[in-house]
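Have a look at the structure below, then the notes.
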Amino acid sequence: MASCLIAFIIGCAILLDRPTIPSKGFFMTNGIFQVPTPRNEPVRPYSAKSPEKLQIKRELSRLQETILEIPLMIGAQKIFERPLDKIICPHNKTKVLAHSRQASKEDVANAIKESLAAGKIWSEVPWHERAAVFLKAADLLAHKYRPTMNALTMLAQSKTVHQAEIDATCELVDFLRFNVSYLKSIYSEQPPEHSPGIWNRSEARALEGFVFAIGPFNFSSISANLAFAPALMGCSVVWKPAPAALPASFLALEMLHEAGLPKGVINMISGDASLIGDVCLHHRDLSGIHFTGSTQTFNYLWSAVGKNIDSYRSYPRLVGETGGKDFVFAHPDCDHESLVHHLVRGAFEYQGQKCSAASRAYIPKSLWKTVKPALVSLTDSLKMGDPFDFTNFVSAVIDQRSFDKIKSYIEHAKDSKDAEIIAGGTYDDSLGFFIRPTIIEAKKSDYRTMVEEIFGPVLTIFVYNDEDLDKTLAICDSSTKYSLTGAIFARDRNDILKMSLALKNAAGNFYINDKPTGAVVGQQPFGGSRASGTNDKAGSMFNLLRWVNHRTVKENFLPLSNYKYDFLEES
């Protein structure tokens, strides 16, 4: 009885705080457990006078009256005594939402040290105990923390309530729940047959070392999943969210600690990206990089790993989802009304700041006379402003750098003989970083905004001659270096098949008669190839497989009494 009580106390210590456990401590598990069947978290509509709408408005008002202090989170410590960075609301530059901290080289080194120490123990915690932490976090987010998580995302990233809801709550809840189910499937994959006297088994071990997780500004859920997915599989993590995603990321980690994650398994740091990267990329125990961001940055990370390859303990796993120049391709025979509405949603929701956003479209000449006026009228009608005003469809782009970049593309189109702005084209950064949803009609298929990633509310359209369908499909496939998302619109099944085959390598997520955005965990695992990433499909077991290292175990039950084989005997 006493030994059982000691084991229980040790188990609780592991789940509630930074664990200390005897090197020969074991966990007893007398059960082969099932996990809850995951279902996608329902999206709340936030309709007029609904309880959820009133609740989030109260939370937005509360957060706008405070300044959130975000520390470095290293081991069991929250470190506040560091130089500050300001995190502002993109739609209101005068509003400081939060203060974050700038990590030193010593802080990054300590984060790695704490990660390695916690990881040795966390990797040996039974899988169902790890799963319980993430399942509890999912329920905490779906209920207790939903208003705060959505409100922080709205304020720090200038998302409408719908965009915040589908990202910061629903997608992250889905990641947490579906990943547990995928974990169970991975661990259940065992050798199917056994020879007499032999038992073969497979173990999915956590990676040795630490995973360096680097998050984007635009999705709270993706930022969190970059750290959470490896941790679920038993890895320890050094996590650097983008500044704009820090408020939501900080809440997500606090929520995970409340759910029972030991301190130090995930260490969250912020500050100078090159300084943090330099320390992590040169450490011998770097076991993997989980990244979402620009192609240029991922290329740098890959190159740095290559240069340091002789110094690592293991070959680091490199998992990246990067840039895109996502397309919509319309067949002459398609539902043009549906096409127009999908173009508006796909191109302009969240100000086009989705790696999957529709950025270029190929429209047949026979349809353009009908599509153009409807598309321009709908785009010009979109209301823009502060996301606190729930009647706004779009808000501000993320920062001054992004504003200036997008503005330069618009100005180039105004001055070019090869392009014409047919909607939008205006901007104003006096209060926030506002750019009107803009449509450019390109006279050439290789015009600059048809081939370069912009990452803003700019859609470029090339009108092709109907008889040039095959030629234009080839142009769509080859004119950019990316292969992330794409959509086709057509009625006839033969046309759909033809277009799908022509564009089979042009997108990792391919949509038929739908916009190229809005991938749902468990339904459309997300990722692309070419210069769009390693296509390891976040929201699927394929991603989780990258964070384990399999060990094959063969156990022999019958002793060997003679080394000789039968072939050695001649008579």
Side-chain angles (χ1 to χ4, degrees), residues 323-334 336-337 339-348 351-352 357-382 404-427 435-490 499 502-503 506-507 515-516 531:
K325 189 65 181 175
D326 309 297
F327 63 86
V328 171
F329 199 109
H331 189 275
D333 179 21
C334 74
H336 62 267
E337 183 179 7
L339 170 67
V340 168
H341 288 280
H342 279 294
L343 280 171
V344 169
R345 281 190 173 184
F348 301 131
Q351 298 78 262
S359 184
R360 55 184 170 126
Y362 301 83
I363 311 295
K365 191 173 183 178
S366 60
L367 279 185
W368 186 232
K369 62 181 180 294
T370 304
V371 167
K372 181 178 179 178
L375 181 60
V376 169
S377 176
L378 204 56
T379 300
D380 286 342
S381 73
L382 299 177
D404 292 341
K405 176 185 176 183
I406 299 165
K407 172 184 169 182
S408 72
Y409 280 102
I410 293 173
E411 288 302 308
H412 187 278
K414 288 180 179 178
D415 296 335
S416 175
K417 67 180 189 314
D418 296 322
E420 178 188 357
I421 293 176
I422 60 175
T426 60
Y427 40 80
I435 295 180
R436 279 295 309 175
T438 297
I439 301 176
I440 299 171
E441 183 178 348
K443 305 297 194 301
K444 298 166 58 178
S445 63
D446 61 351
Y447 174 67
R448 185 179 177 189
T449 60
M450 282 294 294
V451 297
E452 296 180 15
E453 184 182 38
I454 301 174
F455 220 71
V458 178
L459 170 66
T460 305
I461 291 174
F462 175 70
V463 179
Y464 70 91
N465 294 321
D466 292 37
E467 60 270 22
D468 291 336
L469 173 67
D470 291 347
K471 175 183 175 182
T472 310
L473 283 168
I475 289 171
C476 178
D477 177 57
S478 62
S479 61
T480 81
K481 62 184 179 180
Y482 302 105
S483 176
L484 189 52
T485 74
I488 60 171
F489 283 77
M499 296 167 75
L503 299 170
K515 59 184 172 63

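What's counted below: heavy atoms across the whole structure, side chains too, no hydrogens, waters or symmetry copies. All values reported here derive from a predicted model rather than from experimental measurement.
No donor-acceptor pair closer than 3.5 Å links the side chain of Lys325 to the backbone N or O of Ser479. Not one N or O on the side chain of Ser377 forms a donor-acceptor pair closer than 3.5 Å with the backbone of Pro373. Between the Glu453 side chain and the Gly324 main chain, a donor and an acceptor come within less than 3.5 Å of each other. Side chain of Asp466 to main chain of Lys365: a donor-acceptor pair is present (N/O by atom type, distance under 3.5 Å, no hydrogens or angles). In this structure, Arg436 contributes its side chain and Thr379 its backbone to a donor-acceptor pair below 3.5 Å. Under the 3.5 Å distance criterion, the side-chain polar atoms of Lys444 are left unmatched by any main-chain donor or acceptor of Ala419. Between the side chain of Ser416 and the main chain of His412, no donor-acceptor pair closer than 3.5 Å is present.
Side chains of Cys476 and Leu503 form a contact here, defined as non-hydrogen atoms less than 4.5 Å apart. Thr472 has its side chain within reach of Phe329: a pair of non-hydrogen atoms, C-beta onward, lies under 4.5 Å apart.
Taking CE from Met450 and CG from Asp418, the interatomic distance works out to 12.5 Å, rounded to the nearest 0.5 Å.
Between Phe462 and Phe327, the ring centre distance reaches or exceeds 6.0 Å.
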Determine all donor-acceptor pairs shorter than 3.5 Å in which one atom belongs to a side chain in residues 482-489; sequence neighbours excluded.
unit_1: Ser483; atom_1: OG; unit_2: Asn505; atom_2: O; d: 2.8
unit_1: Ser483; atom_1: OG; unit_2: Ala506; atom_2: O; d: 3.4
unit_1: Ser483; atom_1: OG; unit_2: Ala507; atom_2: N; d: 3.2
unit_1: Thr485; atom_1: OG1; unit_2: Asp326; atom_2: OD1; d: 3.1
unit_1: Thr485; atom_1: OG1; unit_2: Ser356; atom_2: O; d: 3.1
unit_1: Thr485; atom_1: OG1; unit_2: Pro516; atom_2: O; d: 3.2

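Checked options Thr460, Ile422, Val344; the residue passing with Ile439 is Ile422 (criterion: side-chain contact (heavy atoms from CB on, under 4.5 Å)).
Residue-environment remark: CD (Glu420) exceeds the threshold of 12 foreign heavy atoms within 6.0 Å.
The two residues Ala357 and Ala347 make their nearest non-hydrogen contact at CB-O, 4.5 Å.
Shown here are the ring-ring contact (aromatic ring centres under 6.0 Å, His included) partners of His341, two or more places apart in sequence or in another chain: there are none.
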Inset, instruction - Under the side chain to side chain contact (heavy atoms under 4.5 Å, CB included) rule, what do Leu382 and Phe348 come out as? Steps first, then yes or no, please. - result: CA-CA 9 Å; Leu382 299 177; Phe348 301 131; 4.0 Å; yes

